[in-house]
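A quick write-up on the structure given underneath.
Below, read A as the first sequence line, B as the second, and so on, with proteins coming before strands; counting in each chain starts at 1.
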Amino acid sequence: MKKLLIVDDAAFMRVSIRNMLQNQDIEIVGEAANGLIAVSMYKELRPDVVTMDITMPEMSGIEALKLIKAFDPQAKVIMVSSMGQEGMVKQAIISGAKTFIVKPFKEELLHKTISKVLGV
Amino acid sequence: MTDQYHNEPMLELFIFESMQLIEQMEQLIIANEKFESYDSDAINEIFRIMHTIKGSSAMMLFNNVSTLAHSMEDVFFVLREDKPQNIDSSQLSDLVLEGIDFIKVEIAKIRNGDEAEGDAAALIESLRVFHATIKAQNYTVRDQEMKDTATSQGYSAPKKQQYYISKVRTEPQSYSSSFQATLYFEEDCGMENLRAFGVVNDLGDLVKEYYHIPADLDHEDSAVVIQEQGFTLFLKTDRSLEEIHRTLSQTIYLKDLQLTQVKNCEPFEDLHEERKILLNDSAKIFASSSGERITIDQKESYSSASQQSIISVSVAKLDQLMDLVGEMVIAEAMVTQNPDLKGLELNNFEKAARQLRKITSELQDTVMSVRMVPLTGTFQKMNRTVRDMCKKLNKDVRLELIGQETEVDKNIIEHISDPLMHLIRNSIDHGIEMPSDREMKGKPRWGTITLEAKNAGGDVLIIIRDDGGGFNKAKIMSKAREKGLLQVPEDEITDKEIYNLVFLPGFSTNETVTEFSGRGVGMDVVVKNIEAVGGAITADSVPGKGTTLSLKIPLTLAIIDGMNIKVGDSRYTIPTTAIKESFRPKTTDIIVDPDDNEMIMVRGQCFPILRLHERYHVNTLVNNFADGIIIMVEQDDQTLCIFADELIGQQQVVVKSLPAYIKHTKKVTGLAGCTLLGDGSISLILDIAGLFTVKKTG
Amino acid sequence: MSENEAVDSEDQVEDTQKGKFLTFCLGNEFYGIEIKYVTEIIGLQPITEIPEMPEYIKGIINLRGKIIPLMDVRLRFRKPFREYNDRTCIVVIDIREIPIGLIVDSVSEVISISDEEIVSPPSLNKEGNKYIRGIGKVGNDVKLLLDSGKLLTDLEIENLENI
């Protein structure tokens with residue numbers, strides 16, 4: 001089973017993503033509420049894929065992405081963005097994000113994105 | 001959207017989190033407004049809150065909330081990035097608070113299961129105008145980062161190609177082959193221009209020279225072009241067609257890919273001069289570290305939860321847990337006090353039972369403590385009330401909060417928030433004078449309201465003190481006379497009794513009904529709400545100096561220390577906190593007045609007696625005072641002697657409310673609920689305050 | 001997906017319970033109540049009286065930690081009170097998540113009555129009639145089918161009348 005780490009400061013989004021993946025063949029190994037926690041959780045849990053919110057307290061998703069990629073260049077990170085964040089999405093792509101998903105998104109789109117990133 | 005969003009827990013979480021954020025934001029605004037400027041931390045925080053609410057509400061399809069949050073986010077983005085000077089922070093606060101109110105109202109609708117159909121168009125327009133004003137101020141000093149945002153859409157920057165231009169310009173070389181690729185993305189994937197940018201980025205080193213249509217991937221319009229016509233890429237490389245195909249087909253959200261080898265390099269010829277694009281491989285910085293393969297850490301037994309020290313739990317679950325612990329307390333009593341054990345000497349059993357009792361009681365304490373919430377949130381909310389009232393009434397009031405860390409059961413907090421708000425409105429509206437009047441009286445221009453909480457035994461005291469004009473005794477008296485609310489002879493009434501007349505149903509001192517305090521809901525509603533959680537309110541006032549209102553609220557509703565008593569076959573429980581003493585009465589101390597009211601003399605004082613069996617029509621053999629017991633109870637400075645058959649014993653009881661069916665049928669005065677005793681029988685919990693009213697009317 | 005299953009099984013439960021009635025008697029009359037409302041049937045329990053209640057609300061009982069109010073159906077239908085005996089039963093029903101125990105003379109059986117066998121009650125008759133939603137004919141017997149919702153909701157109206 002593939003392991004996923006959810007990073008979002010909003011509990012609502014974390015639960016949304018968790019719910020959407022309920023019947024999928026994915027194990028959610030952790031949830032982080034900011035970039036700082038995300039980086040340390042990534043190192044500890046070594047998930048196969050990460051969903052990463054961009055705007056978060058303590059450390060933004062972009063910075064966390066950079067640190068995660070520096071630690072593990074193979075890291076597969078999906079940015080969770082929303083309209084108005086084009087500039088940051090671009091930075092994320094340059095910094096090595098696999099892809100991004102735009103809020104609001106549907107369950108199917110999230111499934112597709114994750115399976116594609118995992119190369120299933 | 002799909003149904004999974006509309007299932008209850010998601011909606012609950014959305015409401016909970018959004019309300020929490022909104023309240024946090026409200027505090028930030030009010031705190032910053034006082035200094036007439038927003039500090040950068042607050043701006044960051046508000047930006048993030050609006051961003052989160054925008055995202056969550058969009059996921060839930062509450063588009064009006066999402067759009068409004070977006071426009072507020074835009075404003076704070078400019079504040080954060082441009083740091084404009086001389087902004088009208090008062091106007092900003094008004095706008096944002098209006099936005100907060102809108103969102104609150106919509107969330108309330110959502111909570112009630114109504115359609116969130118509010119229209120925020122006017123407000124969004126005001127925010128847009130404000131946004132434009134603060135932006136115009138800083139147009140010239142706008143920095144590079146600004147371009148990366150959608151807020152600057154339509155603004156084309158001359159240096160836009162910065163990401164495409166290589167730091168090292170290499171001379172045109174000839175490569176073995178040229179390809180033309182057209183990529184179509186799946187619908188709904190969003191931000192197609194950036195998806196295309198990602199494609200180019202992924203090609204990285206494989207490609208040395210390329211050109212694409214549309215050329216400008218920063219512009220949002222390109223997204224539409226790519227959506228409709230696909231993304232066309234011309235590239236020169238020394239790699240094979242297969243290799244390029246493999247790379248391109250890994251593109252996520254790729255719907256269709258056409259890749260052909262092109263003979264001539266025409267597309268490139270025209271562009272050599274003006275659009276020589278070489279790849280700036282920013283991703284390279286990571287390539288250096290990719291050499292070392294990191295072995296996968298197998299220590300996955302770590303709990304990921306160890307990272308989170310706080311989780312949120314739904315109140316329903318806590319209530320359930322509380323119920324279960326309550327059951328357990330009863331079950332424990334049923335086991336350890338089981339009648340089958342009578343007369344047996346069981347040392348080991350006793351030991352184990354003691355241990356069980358200890359654990360049960362610790363468990364109970366822990367669960368209770370989990371339910372305790374500091375009053376901070378409730379107190380902080382009052383800042384907004386004060387602010388709005390002052391603005392409308394042109395008064396100047398400072399709110400001082402003391403002891404907001406005091407904790408109260410979650411259920412109780414919910415019940416006291418509205419009454420507190422109402423009392424504070426009252427204080428500002430009726431208590432605090434206009435600044436000019438205050439100056440004339442030699443007081444500071446601004447009034448002060450102190451909201452204080454402190455623990456007092458099993459209760460929490462909440463005190464609202466203002467330094468306003470105080471109650472007008474004469475006015476209260478004439479009003480009470482007029483409404484026929486006086487029960488005590490006028491020459492005997494004390495000042496305190498006069499002040500407390502305002503809590504009687506149908507009383508309101510202000511002749512003119514103001515927008516804030518006279519909306520039909522008077523003090524009696526406040527009193528009802530507070531009494532509903534077993535609390536009480538009293539008032540005291542010094543003319544010209546101010547008024548003090550004291551609320552006494554129980555710490556918790558769920559478990560009380562109670563004395564169980566017996567009347568006939570019925571059992572009753574009296575909260576221990578209300579009991580002063582209990583004793584077997586001497587017939588000689590009993591006094592009967594001409595109206596057949598029974599009283600008892602205790603240490604020279606005379607107290608009324610309430611025969612519980614008569615009051616509740618219970619058959620009992622104990623009719624003579626000498627055969628039964630008197631329990632003296634006190635509430636709000638009133639004392640009553642309850643006559644019952646006998647005391648059963650004191651224990652902690654879990655308060656259960658009477659079944660809904662019973663409550664709908666009739667509200668029995670004097671009954672607060674019921675509880676289960678160790679033997680499985682039910683005991684009715686007496687509401688002492690209720691018994692006083694019973695005594696008066698009956 | 002699991003939700004769908006839950007819905008399915010709920011449907012099945014509804015299906016198997018449809019047309020089934022628990023019958024009990026009050027004096028010489030047989031009554032039926034839809035089985036889907038019935039949670040359990042228990043013998044008489046020690047009752048805790050609640051003061052100031054109408055006569056037909058006998059009080060409350062402790063059913064494994066849950067407090068359940070009791071209604072004497074005889075008194076509810078303004079029939080004379082009959083002393084409880086060992087045949088007296090409490091039928092615990094749950095209507096719109098409000099549990100309530102009905103005290104009846106005795107419980108007889110669970111029977112199926114199809115919609116065709118149910119006729120509307122004659123309009124003006126006795127007091128109890130407003131709680132009857134239909135009359136089921138089973139062989140030669142007649143069962144009065146209770147409108148459980150009305151048993152509870154009618155209360156408010158009566159309360160108003162009392163005031």
Find the distance between [atom1] ([X]) and [atom2] ([Y]) and round it off to the nearest 0.5 Å.
| X | Y | atom1 | atom2 | answer |
| --- | --- | --- | --- | --- |
| Thr55(A) | His51(B) | OG1 | NE2 | 3.5 Å |
| Phe12(A) | Leu11(B) | CZ | CG | 8.5 Å |
| Leu194(B) | Gln85(A) | CG | CD | 11.0 Å |
| Met59(B) | Ser82(A) | CE | OG | 11.0 Å |
| Met20(A) | Met10(B) | CE | CE | 7.5 Å |

Quiz prompt | Contacts of Ser66(B) that satisfy side chain to side chain contact (heavy atoms under 4.5 Å, CB included) - sequence neighbours left out | solution =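 By the side chain to side chain contact (heavy atoms under 4.5 Å, CB included) rule, Ser66(B) matches Lys54(B), Ser57(B), Ala58(B).
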
Self-check item: By side chain to side chain contact (heavy atoms under 4.5 Å, CB included) - contacts of Arg18(A) (at least two apart)
Solution: Ile6(A), Ile28(A), Glu31(A)

Quiz item: Which bit of Ile101(A) comes within less than 4.5 Å of chain B, counting heavy atoms only: side chain, backbone, both or neither?
Solution: both

Quiz item: So what's closer than 4.5 Å to chain B heavy atoms on Ser81(A): side chain, backbone, both or neither?
Solution: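 Only the side chain of Ser81(A) comes within 4.5 Å of chain B.
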
Quiz item: Is chain A contacted by the side chain of Glu45(B), its backbone, both, or neither, given a heavy-atom distance below 4.5 Å?
Solution: neither

Quiz prompt | Structural part of Ile53(B) lying under 4.5 Å from a heavy atom of chain A | solution = neither

Quiz item: Are any non-hydrogen side-chain atoms of Thr99(A) and Arg195(B) less than 4.5 angstrom apart?
Solution: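 Answer yes - side chains close enough.
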
Exercise. Please tell me if the side chains of Thr52(B) and Asp9(A) come closer than 4.5 Å, counting only heavy atoms from C-beta onward.
Key: yes

Exercise. Determine, for Phe197(B) and Lys90(A), whether the Lys NZ or Arg CZ falls below 6.0 Å from the six-membered ring centre while staying within 45 degrees of the axis.
Key: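 Yes, a cation-pi geometry holds between Lys90(A) and Phe197(B).
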
Quiz item: Taking every heavy-atom pair that is under 4.5 Å apart, which of Tyr253(B), Phe47(B), Phe14(B) has the most such pairs with chain A?
Solution: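 When all of Tyr253(B), Phe47(B), Phe14(B) are compared, Tyr253(B) has the most.
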
Quiz prompt | Lys103(A) atom NZ, over 12 foreign heavy atoms within 6.0 Å | solution =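 Yes.
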
Self-check item: Atom of Glu186(B), atom of Lys112(A) and distance for their closest heavy-atom approach
Solution: OE1-NZ, 2.6 Å

Exercise. State whether Arg14(A) and Glu17(B) are salt-bridged, where the test is any N-O pair (Lys NZ or Arg NE/NH1/NH2 against Asp/Glu carboxylate O) under 4.0 Å.
Key: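 Salt bridge flag = no for Glu17(B) with Arg14(A).
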
